[in-house]
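Read the numbers this way: they start at 1 and go in the same order the structure lists the ligands and their atoms.
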Amino acid sequence: MPLNLILMGPPGAGKGTQASRLAQRLQVPAISTGDMLREEIRGGSALGREVRAYMDRGALVPDQLIIAIIEGRLQRDDCSRGFILDGFPRTVGQAEALDRALQQLGWSLHRVGSLTVPTDEVVKRLSGRRTCRDCSTPYHVSLDPPSRHDTCDICGGTLQQRDDDHEHVIAKRLEVYARDTAPLLDYYRDRGLLAEIDGRGKHDDVLAALLAHLDVPLTAQTIPVA
Ligand code: AP5
């Protein structure tokens, strides 16, 4: 059975940071709906033009758009061993659609990890975040700086500030998270799938806590912790 995981948490909790580390460790794709939407915007597609206004003001894009994107993505070959969803689902409607999609594929969810970080810390993280324009790797000007100024350590791409990482949009995103996404914690808790993990501390410590709390079998962990 594929190792199907979800990473939840408020904006800035470290979902993207940890999803890519988990993906490398488990050799399954990290699927970020935020990255997929930003790619559409960069490519100038009709979908990109449609979603930009929602994202720039910190609102969720409509469920039917994002559900169609995810349904298509899960059918790609690289998901046959599992996946890590980052930023999806974000509403109860999305969670129900995911349940239906997985049922059709004959799969189920393994665990849902929720990273907990206090609000003042996530505001600090988001206002200082810089993201690689090419590979989306997140950095932070003081908490997690790149080795070379404004240059990605991984691909050499240029780092930039996301349009929704400005103070007034951050406040809106946190409000939307509390109203629309936090109720999903009970949705998954009631199904016995939720693990809450402290998202503070060194990246490797958070990763180790995730691997332990998500009950990831040792046989699925292909790359040892350095
Ligand atoms: P999305 O891109 O998903 O943004 P988000 O959920 O707000 O999450 P972030 O990417 O801001 O934060 P993160 O938790 O990944 O943190 P990160 O690892 O980068 O969505 C953007 C928009 O797209 C939404 O507002 C919406 O409009 C739309 N959208 C996306 N999905 C949707 C959906 N399903 N439905 C509808 N609309 C959707 O880390 C943050 C910073 O902290 C970085 O600087 C990092 O270096 C630093 N950091 C990470 N970990 C640590 C640590 N342990 N200690 C110190 N610093 C750390």
Side-chain angles (χ1 to χ4, degrees), residues 6-23 30-41 47-48 50-71 73 84-95 97-98 113-118 120-132 135-146 152-154 159-166 169-182 184 197-210:
I6 294 176
L7 264 194
M8 289 185 60
K15 302 180 296 294
T17 302
Q18 293 300 334
S20 58
R21 283 169 170 74
L22 270 176
I31 299 173
S32 158
T33 41
D35 284 348
M36 291 169 85
L37 295 171
R38 281 184 287 277
E39 191 62 44
E40 293 289 337
I41 292 173
L47 175 63
E50 185 172 356
V51 299
R52 176 164 207 156
Y54 294 99
M55 295 177 75
D56 281 355
R57 66 173 197 271
L60 295 182
V61 309
D63 275 2
Q64 75 270 16
L65 285 181
I66 205 83
I67 288 167
I69 290 173
I70 280 291
E71 283 174 348
R73 180 66 185 85
I84 301 156
L85 290 177
D86 157 14
F88 183 95
R90 266 172 139 101
T91 64
V92 170
Q94 292 180 19
L98 178 63
S114 172
L115 291 170
T116 58
V117 178
D120 56 345
E121 167 90 11
V122 294
V123 170
K124 185 174 165 192
R125 287 183 182 187
L126 293 175
S127 31
R129 173 167 57 185
R130 297 294 180 270
T131 306
C132 176
C135 73
S136 304
T137 301
Y139 296 85
H140 190 280
V141 289
S142 58
L143 300 171
D144 190 13
C152 178
D153 290 344
I154 306 206
L159 304 189
Q160 60 186 15
Q161 186 168 30
R162 263 172 49 177
D163 289 339
D164 58 353
D165 277 350
H166 296 283
V169 190
I170 293 172
K172 174 70 180 173
R173 288 161 63 201
L174 289 169
E175 187 191 311
V176 168
Y177 176 81
R179 188 191 61 214
D180 295 334
T181 307
L184 281 183
I197 296 121
D198 190 343
R200 293 169 298 179
K202 292 185 180 141
H203 292 337
D204 283 349
D205 294 341
V206 178
L207 176 63
L210 274 167

Asker: Which atoms of ligand 1 are found less than 4.0 Å from any heavy atom of D144?
Answerer: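 Those of ligand 1 that fall under 4.0 Å from D144 are 46 (O).
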Asker: Which protein non-hydrogen atom lies closest to atom 20 (O) of ligand 1, naming both residue and atom, and how far is it?
Answerer: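 Minimum-distance protein heavy atom for atom 20 (O) of ligand 1 reads R90 NH2, 3.4 Å.
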Asker: On a heavy-atom basis, which atom in I197 and which in G113 lie closest, and how many Å separate them?
Answerer: CD1-CA, 4.1 Å
Asker: Working note: R130 + Q161, criterion side chain to side chain contact (heavy atoms under 4.5 Å, CB included); need CA distance, chi angles, decisive distance, verdict.
Answerer: CA-CA 5 Å; R130 297 294 180 270; Q161 186 168 30; 3.7 Å; yes
Asker: Nearest protein heavy-atom contact for atom 23 (O) of ligand 1: which residue, which atom, what distance?
Answerer: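 Nearest protein contact, heavy atoms only, for atom 23 (O) of ligand 1 is M55 CE, 3.2 Å.
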Asker: If I apply the N/O under 3.5 Å rule, does D165 come out as touching ligand 1?
Answerer: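 No, no N or O pair falls under 3.5 Å.
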Asker: Measure Y139 to ligand 1 on non-hydrogen atoms and call it side chain, backbone, both or neither using the 4.0 Å cut-off.
Answerer: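 Just the backbone.
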Asker: Do E121 and ligand 1 have an N or O pair less than 3.5 Å apart?
Answerer: no
Asker: For ligand 1 and D164, I'd like to know whether there is a polar contact (N/O to N/O, distance under 3.5 Å).
Answerer: no
Asker: Does any N or O of ligand 1 fall below 3.5 Å from an N or O anywhere on R162, backbone included?
Answerer: yes
Asker: Atom CE in M36, atom CD1 in I41: separation rounded to 0.5 Å?
Answerer: 13.0 Å
Asker: Is it the case that ligand 1 has an N or O less than 3.5 angstrom from some N or O of V61?
Answerer: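 For ligand 1, there is an N or O atom that lies under 3.5 Å from one belonging to V61.
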Asker: Give the atoms of ligand 1, by number and element, whose distance to some non-hydrogen atom of H203 is under 4.0 Å.
Answerer: 49 (C), 50 (N), 51 (C), 52 (C), 53 (N), 57 (C)
Asker: Compare every heavy atom of R38 with every heavy atom of S32, then report the nearest pair and how far apart it is.
Answerer: OG-NH2, 4.4 Å
Asker: Answer yes or no: is there a donor N or O on one side and an acceptor on the other, between the side chain of Q18 and the main chain of H203, under 3.5 Å?
Answerer: yes
Asker: For ligand 1, which atoms sit closer than 4.0 Å to a heavy atom of G87?
Answerer: 31 (N), 32 (C), 33 (C), 34 (N)
Asker: Taking side chain as C-beta onward, heavy atoms only, is I69 less than 4.5 Å from L37?
Answerer: yes
Asker: Just need the protein heavy atom nearest to atom 39 (O) of ligand 1, so name the residue and atom and give the distance.
Answerer: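 The closest one turns out to be T17 OG1, 3.7 Å.
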Asker: Would a distance-only check, ignoring hydrogens and angles, find a side-chain to backbone donor-acceptor pair under 3.5 Å from R173 to D164?
Answerer: yes
Asker: Consider every N or O of A59 and every N or O of ligand 1, then say whether any pair is closer than 3.5 Å.
Answerer: yes
Asker: Please report the closest heavy-atom contact between P10 and L174, naming both atoms and the distance.
Answerer: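 So the two residues come closest at CB-CD2, 4.4 Å.
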Asker: For Q94, counting its heavy atoms only, list the atoms of ligand 1 lying under 4.0 Å from any of them.
Answerer: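 In order of number, 33 (C), 34 (N), 35 (N), 36 (C).
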Asker: Tell me: protein heavy atom nearest atom 16 (O) of ligand 1, and distance?
Answerer: G14 N, 3.2 Å
Asker: F88 versus ligand 1: do any nitrogen or oxygen atoms come within less than 3.5 Å of each other?
Answerer: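 In this structure, F88 places no N or O atom under 3.5 Å from an N or O of ligand 1.
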Asker: For atom 28 (C) of ligand 1, what's the nearest protein heavy-atom neighbour? Residue, atom name and distance, please.
Answerer: L37 CD1, 3.7 Å
Asker: Heavy-atom contacts with G199 under 4.0 Å: which atoms of ligand 1 show up? List them by number with element.
Answerer: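 Numbered from 1, ligand 1 contributes 53 (N).
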Asker: Do T91 and L184 have side chains that get closer than 4.5 Å, going by heavy atoms?
Answerer: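 Sidechains of L184 and T91: no contact.
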Asker: Any side-chain heavy-atom pair from R52 and E40 closer than 4.5 angstrom?
Answerer: no
Asker: Tell me the closest heavy-atom pair linking R125 and R200, and the distance in Å.
Answerer: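 Where R125 meets R200 most closely, the heavy atoms are NH2-CA, 4.0 Å.
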Asker: For atom 56 (N) of ligand 1, which of the options R125, H140, M36 provides the nearest non-hydrogen atom?
Answerer: R125
Asker: For atom 7 (O) of ligand 1, grab the closest protein heavy atom and report residue, atom and distance to one decimal in Å.
Answerer: R173 NH2, 2.8 Å
Asker: Ligand 1 and P89, any nitrogen or oxygen pair closer than 3.5 angstrom?
Answerer: no
Asker: Heavy-atom distance to atom 14 (O) of ligand 1: which of M8, K15, R57 wins?
Answerer: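 Closest candidate by heavy-atom distance is K15.
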Asker: Are T137 and D153 close enough that some pair of their side-chain heavy atoms sits under 4.5 Å apart?
Answerer: no
Asker: Locate the shortest heavy-atom distance separating L7 from K15; write the atom from each residue and the value.
Answerer: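 The pair with the smallest heavy-atom distance is CD1-O, 3.5 Å.
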Asker: Give yes if a backbone or side-chain nitrogen or oxygen of L126 is under 3.5 Å from a nitrogen or oxygen of ligand 1, and no if not.
Answerer: no
Asker: To check your reading of the model: name the closest protein heavy atom to atom 31 (N) of ligand 1, its residue, and the distance in Å.
Answerer: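 The closest one turns out to be T33 OG1, 2.8 Å.
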Asker: Would K172 and D56 satisfy salt bridge (charged side-chain N to carboxylate O under 4.0 Å, His left out), going step by step from the backbone distance to the final call?
Answerer: CA-CA 10 Å; K172 174 70 180 173; D56 281 355; over 6 Å; no
Asker: Does an N or O from R38, backbone or side chain, lie closer than 3.5 Å to an N or O of ligand 1?
Answerer: yes
Asker: What's the shortest heavy-atom distance between F88 and T33, and which atoms?
Answerer: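 The answer is CB-CG2, 3.7 Å.
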Asker: Write out the residue and atom name of the closest protein heavy atom to atom 12 (O) of ligand 1, then the distance separating them to 0.1 Å.
Answerer: G12 N, 2.9 Å
Asker: Should you measure from each heavy atom of G16, which atoms of ligand 1 turn up under 4.0 Å away?
Answerer: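 Within the 4.0 Å cut-off of G16, ligand 1 contributes 13 (P), 15 (O), 18 (O).
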